[in-house]
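The chains referred to below are lettered A, B, ... by the order of the sequence lines, with proteins before strands, and numbering in each begins at 1.
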2 protein chains.
Amino acid sequence: MSNAISEEMTGSTQEIKNGWKPEIATAPLYMQVAHHLEARISNGDFAVGSLLPTENELAEALGVSRQTVRQAIGLLRNKGRLSARKGVGTRVEAIEATSGSTRFIAHSRSELFEIAAETEFVIGFREMVSAQGKLAVDLGCRPGRKFLHITGVRYPANRGKAFSWNEVYIDSRVAAAVKDITVARRAIFHYIEEFTGEKIHEIQQDVRPIAMDEDIAEKVGGKGGDLALIVNRRYYGSGRRLLEYAFQILPADRFTYTTTLRAET
Amino acid sequence: MSNAISEEMTGSTQEIKNGWKPEIATAPLYMQVAHHLEARISNGDFAVGSLLPTENELAEALGVSRQTVRQAIGLLRNKGRLSARKGVGTRVEAIEATSGSTRFIAHSRSELFEIAAETEFVIGFREMVSAQGKLAVDLGCRPGRKFLHITGVRYPANRGKAFSWNEVYIDSRVAAAVKDITVARRAIFHYIEEFTGEKIHEIQQDVRPIAMDEDIAEKVGGKGGDLALIVNRRYYGSGRRLLEYAFQILPADRFTYTTTLRAET
DNA sequence: CGAAATTTGTCCGTATGTATG
DNA sequence: ACATACATACGGACAAATTTC
C-alpha cells in the first residue's frame, strides 16, 4: 500500500488515482484499471510469479470499488496474464509458457492490435478488384462488388525475418482509409475504424494448414511445399456488414498457435 | 413475464425459479442461470435471431438479481450463443456461422466436454511407458516418469467417418481412472477428475500443421501426405501438476478451426 | 427534429460463502 | 480455530445507445 499519489478525485470525471492518465478518456473505468495493471506488470512493477496486491488494496489505492478491480482483473485473467486462487491471491503469469516459436495468432480483438503494433505490414501491391467466383464466395458477397486488394509481407518491428504473407480485401466504400499507407504499423481494421468512425464489433477467424507454393514461400524465407498455417479473417462492422477480408500465411516452422483453456469457475 | 412457476424459494439453498432443477447443486447461481438459458435456447423456447427477455424481466422471472443474470449472459456471450446491443437487447445467435466443414476444436474447457459427448474415442492400443527423450520434453517432465499411453480413433457419435487420430498419455498415478474403458464417451480428463476428485483447472493447447504419414492417414480415411492439423493438449491439475498429455490429428479437408473475436466493450 | 421510454453498460456499497494457510 | 483473500450475490444509481412517439 501507500504508493497511491492520493490526489483527490476531481468529482465529475472518473479517473483512477496513482498517477495514471487514461489513454482513452472515454474508456470505461475497469478497462483503464486493466491497462494500468498491465502496464505495471510489463514495466516490472508487479513481477511475474508474484502476487498482486489484494483486490481491496488495489481498490483503495486506485480509488475505485472492488467490483471494478475485479472486472479489470477478469479481463487480464481471460488474456492469461493473471490467475487467481481463492484464499491465496492473484498471481502474475508469464506471457509465454510454451517452448520454441512465438505465438502470433490473436485470440481477441485487442490482441490483434498488440500484434499489429509489434509488426510492420509493408504493402507491395495494390489494385481494385471486382469480386468474382471463389473470391465472391470467400467474401460472402454477390459477384461484382468492388474491393481494394492489398498484398505484402509483415515483418517484426525490428525488421528481422519476415513472418507472414498477407492479403487484404477492403470494401471499396472504406478503401480510402488506407489510401496513403505504404507501411502499416497498426492493424488495417484500425485505419478503417478511424476513417469511418464505425467500430468493428466482430472478427471471424479460421485457421487451416496449407503447403506453401514457391512464390509465397520465397517471400517469407521458406521453400516451396513447406507447411504453414493460413489464418483467414472477416471483419464485420455494425449490422454484420463485411468491411474487410484478409488472410495471412504463417510458416509452420516458426509459429505455433497456442491457447489456454481454463475452468469457468 | 408470468411464466415463472412462482414457487417460494426454500430459504437456505439458492435455486432459480421457473421449474429449473440445478444439475449440479453446488454450481454457482449464475452458471445455473446460464445452463437454464442455454437449455431454453436449444429447445427452441428462445428462437435463434430473436431477442431474449430483458435482463430485468429474466431477473424477476427467475428470482435472482439482475447482476446474476448479467453474469450468466456474459458466459453465453463469451461462447458466442448470445450478443447484446445497448438500447436494443440480447440476441440469440446461431451456433454455426461459417460454411463448409464443421469446427471441432474447442475454445474452452466446457466445449471439450461437449465435443467429447458428441463423439466416441475407441481405444485400440494401451501400454505403460517411461518418458524418455522427445516424449519427456513434450511432457515437460524428468525422464523416467511413467505414463499410460493410449491410442485410438475418435468417431462421431453416429459412427460415421472417423475424424481424428488420438494419442493420450496419462500420469501413472491416475491411470487407474481409465482402467476399464475401451470406448470413451466422455473426455478422458473427465474420467480423471472423477477418479481423483481433483479438478483440472488449466488446459494448454497448441495447433500446428502437419502432413499425415501413411499409417495415420489410413486410420482416419485419408492418403499419406494429406494435410492435417495436430492439436496438442496438456492438462494441469492444482499446482500446475501435469496429469494428462494428448494430441489429436484432424484431417484438413474435413475440419477448420474457427474462432470469433469480439470487441471487449 | 427532439423528447421520452427502453435496454444494456458501468460503478458503487455491502454482505456472505469458500478455499487456503 | 482463525485470519486472509477471492467468489458469489444482492441492491441501487446513473450513463449511453437505440427505438419510439
Any side-chain N or O of [X] below 4.0 angstrom from OP1/OP2 of [N]?
{"X": "B:T90", "N": "C:dT7", "answer": "no"}
{"X": "A:T68", "N": "C:dC12", "answer": "yes"}
{"X": "A:R77", "N": "D:dA7", "answer": "yes"}
{"X": "B:Y30", "N": "D:dA9", "answer": "no"}

key: Minimum-distance pair of heavy atoms, taken over all atoms of A:S83 and A:E93   =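 For A:S83 versus A:E93, the nearest heavy atoms are OG-OE2, 2.6 Å.
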
message = Quick check on DNA chain C: between B:A84 and A:V69, whose nearest nucleotide comes earlier from the 5' end?
response = B:A84

task = Fit a plane to each ring of A:F147 and A:Y169, take the angle between them on a 0 to 90° scale, and name the class: parallel (under 30°), tilted (30 to 60°) or perpendicular (over 60°).
result =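 A:F147 vs A:Y169 ring planes: perpendicular.
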
ask   = Stem ranges for DNA chain D, with three or more consecutive Watson-Crick or G-U pairs under 3.5 Å?
value =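 Detected stem regions: C:2-21 with D:2-21.
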
inquiry  = Once side-chain contact (heavy atoms from CB on, under 4.5 Å) is applied, do any residues pair with A:R66, and if so which ones, sequence neighbours excluded?
reply    = A:E55, A:N56, A:A59, A:R70

[X] [atom1] to [N] [atom2]: how many Å, rounded?
{"X": "B:M31", "N": "D:dA7", "atom1": "CE", "atom2": "C1'", "value": "10 Å"}
{"X": "A:K86", "N": "D:dT4", "atom1": "NZ", "atom2": "P", "value": "18 Å"}
{"X": "B:Q71", "N": "C:dG9", "atom1": "CD", "atom2": "P", "value": "14 Å"}
{"X": "A:N56", "N": "D:dA5", "atom1": "CG", "atom2": "P", "value": "9 Å"}
{"X": "A:L75", "N": "C:dC11", "atom1": "CG", "atom2": "P", "value": "11 Å"}
{"X": "B:L52", "N": "C:dT7", "atom1": "CG", "atom2": "P", "value": "12 Å"}
{"X": "A:R91", "N": "C:dG21", "atom1": "CZ", "atom2": "C1'", "value": "17 Å"}
{"X": "B:L82", "N": "C:dT7", "atom1": "CG", "atom2": "C1'", "value": "15 Å"}

query = Regarding A:Q205 and A:R234, is there a side-chain donor-to-acceptor distance under 3.5 Å anywhere?
reply = no

ask   = Between B:R186 and B:F113, is NZ or CZ placed under 6.0 angstrom from the six-membered ring centre and within 45° of the ring axis?
value =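 Because its charged atom misses either the 6.0 Å distance or the 45° angle limit, B:R186 does not stack over B:F113.
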
ask   = Does the side chain of A:F121 come within less than 4.5 Å of A:I181's, by heavy atoms?
value =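 Not touching, per the 4.5 Å side-chain cut-off.
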
Side-chain heavy atoms of A:Q32 within contact of A:H36, under 4.5 Å =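 No, their side chains stay 4.5 Å or more apart.
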
inquiry  = Determine whether a donor-acceptor pair (N or O, by modelled atom type, separation under 3.5 Å) exists between the side chain of A:S50 and the backbone of A:F46.
reply    = no

ask   = Got a donor-acceptor contact below 3.5 angstrom from the B:R142 side chain to the B:A136 backbone?
value =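 Here the side-chain-to-backbone pair does not exist.
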
Distances under 3.5 Å between nitrogen or oxygen atoms of protein and nucleotides 11-14 of chain D:
unit_1, atom_1, unit_2, atom_2, d
D:dG12, O6, B:Q67, NE2, 3.3

Quick one: which of [options] gets closest to the side chain of [X]?
{"X": "B:T54", "options": "C:dT7, D:dC6, C:dT10", "value": "C:dT7"}
{"X": "B:P28", "options": "C:dC12, C:dT20, D:dT8", "value": "D:dT8"}
{"X": "B:R85", "options": "D:dT18, C:dG9, D:dC6", "value": "D:dT18"}

request  = May I ask you to check whether B:Y236 and B:F189 place their ring centers less than 6.0 Å from one another?
outcome  = no

